[in-house]
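Worksheet: one structure, shown below.
Keep in mind the model is a prediction, meaning the values are calculated, not measured. These numbers come from the heavy atoms of this one structure, side chains and all, not from hydrogens, waters or symmetry mates. Lettering of chains follows the sequences in order, A, B, ..., and the numbering in each one begins at 1.
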2 protein chains.
Amino acid sequence: MTRSLSGVQSVLRAIRLLKMFTDAHPEWRLKDLARAVEMNKATTYRLLSALEAEGLLVRDTRTGAYRLGPEIIALGGRALRSNDLRSAGYAELEWLASAAGEAATLEILVDDQVLILEEIPASHLLAPWQTIGTRHPAHATSTGKLLLAFLPPHERTAHLHPPLQRLTEKTIIDLEALEKQMALIRAQGYATAIEELEDGYVAVSAPVRNHDGEVVAAVSIGGPITRLNAGRLPECIELVRQAGRRISERLGFREHLAESVEHVGADVAKGERRM
Amino acid sequence: MTRSLSGVQSVLRAIRLLKMFTDAHPEWRLKDLARAVEMNKATTYRLLSALEAEGLLVRDTRTGAYRLGPEIIALGGRALRSNDLRSAGYAELEWLASAAGEAATLEILVDDQVLILEEIPASHLLAPWQTIGTRHPAHATSTGKLLLAFLPPHERTAHLHPPLQRLTEKTIIDLEALEKQMALIRAQGYATAIEELEDGYVAVSAPVRNHDGEVVAAVSIGGPITRLNAGRLPECIELVRQAGRRISERLGFREHLAESVEHVGADVAKGERRM
DNA sequence: GATGATGTTGCACAATATGACACGATCCCT
DNA sequence: AGGGATCGTGTCATATTGTGCAACATCATC
């Protein structure tokens with residue numbers, strides 16, 4: 001897993017520390033953190049101090065515990081703003097959300113999870129950033145399965161770390177079943193996930209392609225199964241696919257190239273990977 | 001400039017690299033970046049590779065240029081969710097209270113009232129936390145007027161339920177007069193309330209902005225008119241504004257973005273921005 | 001197909017990051 | 001309040017790790 005990157009041990013360690021600050025555990029004390037990452041207390045201390053000095057972490061003035069700092073927030077904002085995918089997607093996402101009357105998201109694949117780049121909530125409750133930046137297991141979401149499906153086969157394994165976690169009764173945790181599902185998704189050009197991530201939650205997604213025809217993101221709508229029932233699903237699928245096509249167009253994708261692109265995409269992606 | 005932090009050179013360098021990715025220059029090529037930070041090309045390369053391997057940076061598949069990556073977005077989201085106003089504000093509020101020698105508060109707008117989120121009492125008075133959680137009519141407080149002033153016009157009406165209650169002789173209860181006052185507040189960047197809430201009570205407040213430049217809260221100091229008289233007001237205003245800026249920074253707001261954010265916001269988040 | 005520019009890797013050296021230890025502060029428990 | 005345990009911070013010797021140099025590979029341009 002860890003590449004033979006040499007000469008950057010301390011940087012990797014510092015990043016490892018940063019990544020320990022999750023939603024589940026947003027605050028760490030030196031001792032616990034040092035033990036959790038199995039590093040010397042003094043070393044951890046120095047790294048944390050450096051991160052703090054640079055504003056990537058802050059300490060609670062009272063307890064002395066570390067948290068993610070303002071500089072991370074600022075960097076995150078910049079990362080979001082410099083993401084042309086997100087700006088290309090925003091308008092269409094808005095359209096999609098209002099056309100479908102459900103929450104719409106734009107997501108990408110990161111390791112074995114999907115990351116929410118942009119979200120338009122269903123109601124008019126403006127809650128920006130509430131879910132932007134959050135992640136879900138790829139195998140349990142419509143977007144994740146779709147993004148995996150359009151990956152070159154040999155890359156796919158790198159994005160799946162069995163055993164797959166079961167989140168609901170309907171979560172697909174069998175690799176073979178997942179492969180079949182992905183073949184279907186490729187053939188259909190869209191994906192669904194019905195109560196696979198959470199009981200009562202349904203989502204539908206479609207691919208977003210860049211100028212090269214490569215699938216770089218997924219658009220989706222999601223909502224309660226009571227609203228997104230079998231009767232309404234076909235309509236929703238059509239809407240999501242349309243949104244996906246439109247965002248792709250904004251990224252320079254031209255429909256009529258679709259056929260030839262499939263192999264080119266596979267080749268290109270294959271060639272530029274390591275070794 | 002660099003403190004006596006030793007044993008973390010490479011980490012500091014890596015962070016320096018990260019921070020080079022600004023809104024003005026969101027994309028870097030190895031060579032330019034190496035030159036810009038005055039580091040050896042190979043060293044820069046290794047650091048960038050490490051950051052890329054960890055997902056903090058991504059490379060453009062065709063040009064090979066580096067950009068901020070998804071992991072930064074994810075971290076930013078977490079930082080935002082874990083860094084609430086209160087903890088961000090506490091330290092600065094303490095500073096403000098001791099610098100001004102008066103009670104300092106952090107407040108947000110809830111319906112037509114302001115809610116005190118955090119308070120540091122004046123140095124000589126006792127009774128800590130006595131007012132946390134209490135509310136005052138927005139139109140009669142410096143913080144309330146300020147928070148209203150920075151709201152989009154159409155939202156403002158939802159936060160004002162005429163007829164406005166008269167609390168002292170100086171309370172502004174005329175909507176037009178209030179509008180004028182708010183225009184002034186926007187122009188000045190701070191607000192005052194002199195005996196508008198209570199006879200003999202004076203307060204000064206300044207805005208707190210989040211990573212998007214949105215005004216999400218107000219800091220203020222308040223005290224008896226005998227101490228907070230015309231002579232001391234300018235000094236107090238400066239202190240409050242400074243505290244406001246510092247808290248904003250902790251929330252990820254970057255001063256130099258102030259202008260650009262305004263129109264990016266117009267594109268991206270149509271509803272929640274003013275103008 | 002040659003030329004230049006940019007990105008990547010190998011290697012030797014020493015500066016840098018590391019862990020062990022010790023001191024100091026703070027919290028907690030009785 | 002006192003005394004003990006726990007956690008954070010500083011020091012120092014050591015060799016591991018990060019560094020710069022320079023050669024090599026790759027890509028774009030003409």
Indicate yes or no for a side-chain donor-acceptor contact from B:R78 to the backbone of A:G133 under 3.5 Å, with no hydrogens or angles considered.
no
Test of understanding: with side chain to side chain donor-acceptor pair (under 3.5 Å), list the residues that count as partners of A:E179, not counting sequence neighbours.
A:R156
Might you point out which heavy atoms bring A:A79 and B:G69 nearest each other, and give the distance in Å?
CB-O, 4.3 Å
What pairs of nitrogen or oxygen atoms, one from the protein and one from nucleotides 12-16 of chain C, lie under 3.5 Å apart?
{"from": "C:dT16", "atom 1": "OP1", "to": "B:Q9", "atom 2": "OE1", "distance (Å)": "3.2"}

Do any N or O atoms from the side chain of B:R16 and from the backbone of B:V37 form a donor-acceptor pair under 3.5 angstrom?
yes
Checking the side chain of A:H159 only, and the main-chain atoms of A:D112 only, is there a donor and an acceptor separated by less than 3.5 Å?
no
Atom CD of A:E249 and atom CD of A:E92: how far apart are they, to the nearest 0.5 Å?
8.5 Å
A:E38 CD - C:dT18 C1' separation (whole Å)
17 Å
Rounding to 10°, can you tell me the angle the first-five-pair axis of the helix from C:dG1-D:dC30 to C:dT30-D:dA1 makes with its last-five-pair axis?
60°
Whole-Å distance separating the CG atom of B:L47 from the P atom of C:dT8
14 Å
Sequence-aligned protein contact record of nucleotides 24-30 of chain D, with B where the base is within under 4.0 Å of a protein heavy atom and S where only the sugar-phosphate is:
-------
Quick check on side-chain contact (heavy atoms from CB on, under 4.5 Å): which of A:V208, A:L117, A:T143, A:V216 does A:I108 satisfy it with?
A:L117
Member of A:T22, A:L18, A:I73 meeting the side-chain contact (heavy atoms from CB on, under 4.5 Å) criterion with A:L68:
A:L18
Take atom CG of A:N40 and atom P of D:dA13, then tell me their distance rounded to the nearest Å.
17 Å
With sequence neighbours left out, which residue pairs that include part of residues 24-39 of chain B fulfil the side chain to side chain donor-acceptor pair (under 3.5 Å) condition?
B:E27-B:R67
Would you name the heavy atoms of A:V114 and A:E107 that are closest together and state the gap between them?
CG2-OE1, 3.3 Å
May I ask you to check if A:R209 and A:F150 form a cation-pi contact, with NZ or CZ under 6.0 angstrom from the six-membered ring centre and within 45° of the axis?
yes
May I have the distance from B:L33 (atom CG) to C:dT8 (atom P), rounded to whole angstrom?
13 Å
So which atom in B:R46 and which in A:V8 form the shortest heavy-atom distance, rounded to 0.1 Å?
O-CG1, 3.7 Å
Is B:R245 paired with B:E238 through a side-chain N to carboxylate O contact shorter than 4.0 Å?
yes
Atom-to-atom span, CH2 of B:W28 to P of C:dG7 - whole angstrom:
13 Å
Review item, nucleotides 4-11 of chain D N/O atoms under 3.5 Å of protein N/O:
{"from": "D:dC7", "atom 1": "OP2", "to": "A:K31", "atom 2": "NZ", "distance (Å)": "2.6"}
{"from": "D:dG8", "atom 1": "OP1", "to": "A:R29", "atom 2": "NH2", "distance (Å)": "3.4"}
{"from": "D:dG8", "atom 1": "OP1", "to": "A:L30", "atom 2": "N", "distance (Å)": "3.4"}
{"from": "D:dG8", "atom 1": "OP2", "to": "A:K31", "atom 2": "N", "distance (Å)": "2.8"}
{"from": "D:dG8", "atom 1": "N7", "to": "A:K41", "atom 2": "NZ", "distance (Å)": "3.1"}
{"from": "D:dG8", "atom 1": "O6", "to": "A:K41", "atom 2": "NZ", "distance (Å)": "3.4"}
{"from": "D:dT9", "atom 1": "OP1", "to": "A:R59", "atom 2": "NH1", "distance (Å)": "3.0"}
{"from": "D:dT9", "atom 1": "OP2", "to": "A:R59", "atom 2": "NH1", "distance (Å)": "3.1"}
{"from": "D:dT9", "atom 1": "O5'", "to": "A:Y45", "atom 2": "OH", "distance (Å)": "3.3"}
{"from": "D:dG10", "atom 1": "OP2", "to": "A:Y45", "atom 2": "OH", "distance (Å)": "3.4"}

Presence of B:T43 side-chain N/O under 4.0 Å of D:dG18 phosphate oxygens OP1/OP2:
no
